[in-house]
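Written out below as structure tokens is the structure these notes cover.
Scope of the values below: all heavy atoms of this structure, side chains included, with no hydrogens, waters or symmetry mates. In the text below, chain A, chain B and the rest are named by the order of the sequence lines, each starting its count at 1.
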Amino acid sequence: MFDLAFYILAVLILGSALMVVTLRNIFHCALFLVLCMFSIAGIYILLEAEFIAAVQVLIYVGAVTILMIFAVMLTHQLTGKTIRQVNDQPIAALFIISSLLVLTLLALSKTTWEVASSSGVSPSATELGRALMTVYVLPFEVVSVVLLVALVGAIVISRGD
Amino acid sequence: MPSDYAYVGLFLIFGVAFVLITFFFARLLRPSRPNPIKNRSYECGETAVGSAWVQYNVSYYIYALIFVIFDVELVFLFPWAAAYRSLGLFAFVEMFIFIMILVFGLAYAWRKGALKWV
């Protein structure tokens, strides 16, 4: 059952990722990116990291792809007909990606996978919240400052003044 | 745990199958006589003007950016809320500071008129 779910999700992820880079209409690419991100959330659920899956849906499916779709909708060339995606260097890309794959496979086969003696921190939201509020208080507040900087920066850059 | 998600998968399969089967039978039963007026896009009874692929106003993008920022903030609220009962006042103060820092950003956006509808 686990294997079946994994393979269905893997096919969904790879298929939609392929659509993202090959489809001609860039708006459809963005929609397939949503499907790809959503399937990755499914992988997180298989790994019993429900909170990470929820974050994946909230941030990547909800927010990041919204930004991309907005960016597509805001572009000039859209008026009249759809933007065409052009892949200029498929051979170079294929070469780089396949060499990356070979390197990754080499590294994976060379690594000895040791089983952890203790079962780490639970990925549940409660445990994360407790860790954020006790051990990682300072990084937690720094996140707030980073978000503030991002917000102010976005406004300054987008208004151009 | 994955067995609980079997229900989610079941709902997903049922939902997709329901739509597909409904559309299949609708196609089987309905007569197909298209004409230009029927094929025109429906815009609440008004005559449709131009294409849907128009360039949107750039100010929408600022809303999207602000939305992303507060979406990320929201992600931190969930673990806080889940662990709140066992942490008490300290966690409350922590989250208060966290949100207050972001309220400055919202106030800045407001002051700069980024929230103004154009």
Open item on the list: Aromatic contact between A:Phe140 and B:Phe98, with the criterion being ring centroids under 6.0 Å apart: yes or no?
Closed with: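 Yes, the ring of A:Phe140 comes within the 6.0 Å limit of the ring of B:Phe98, centre to centre.
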
Just give me the residue among [options] that pairs up with chain B most often, heavy atom to heavy atom, under 4.5 Å.
{"options": "A:Thr134, A:Leu58, A:Val149, A:Val64", "value": "A:Leu58"}
{"options": "A:Gly62, A:Gly129, A:Ala54", "value": "A:Gly129"}
{"options": "A:Val55, A:Thr126, A:Ile8, A:Ile66", "value": "A:Thr126"}

Roughly how far apart are [X] [atom1] and [Y] [atom2], rounded to 0.5 Å?
{"X": "A:Gln89", "Y": "A:Phe95", "atom1": "CD", "atom2": "CZ", "result": "13.0 Å"}
{"X": "A:Leu147", "Y": "B:Ile101", "atom1": "CG", "atom2": "CD1", "result": "10.0 Å"}
{"X": "B:Met100", "Y": "A:Glu141", "atom1": "CE", "atom2": "CD", "result": "12.5 Å"}

With a 4.5 angstrom heavy-atom cut-off, is it the side chain or the backbone of [X] that approaches chain A, or both, or neither?
{"X": "B:Phe67", "result": "side chain"}
{"X": "B:Tyr84", "result": "neither"}
{"X": "B:Leu87", "result": "side chain"}
{"X": "B:Ile62", "result": "side chain"}
{"X": "B:Leu74", "result": "side chain"}

Task: Cluster link B:Val75 to A:Val145, ILVMFWY, side chain under 4.5 Å - done: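 Yes, same cluster.
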
- [ ] Indicate yes or no: at least one non-hydrogen side-chain atom of B:Ile66 is less than 4.5 angstrom from one of A:Leu151.
- [x]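 They are in side-chain contact.
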
Open item on the list: What part of A:Ala71 gets within 4.5 angstrom of chain B, counting heavy atoms only: side chain, backbone, both, or neither?
Closed with: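 The answer is both parts of A:Ala71.
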
Task: Proximal component of A:Leu132, with respect to chain B [non-hydrogen, under 4.5 Å] - done: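 Side chain only.
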
- [ ] Using modelled atom types only, decide if a donor and an acceptor are shared between the side chain of A:Thr65 and the backbone of A:Tyr60 within a distance under 3.5 Å.
- [x]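 Flag set: sc A:Thr65 to bb A:Tyr60 pair under 3.5 Å.
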
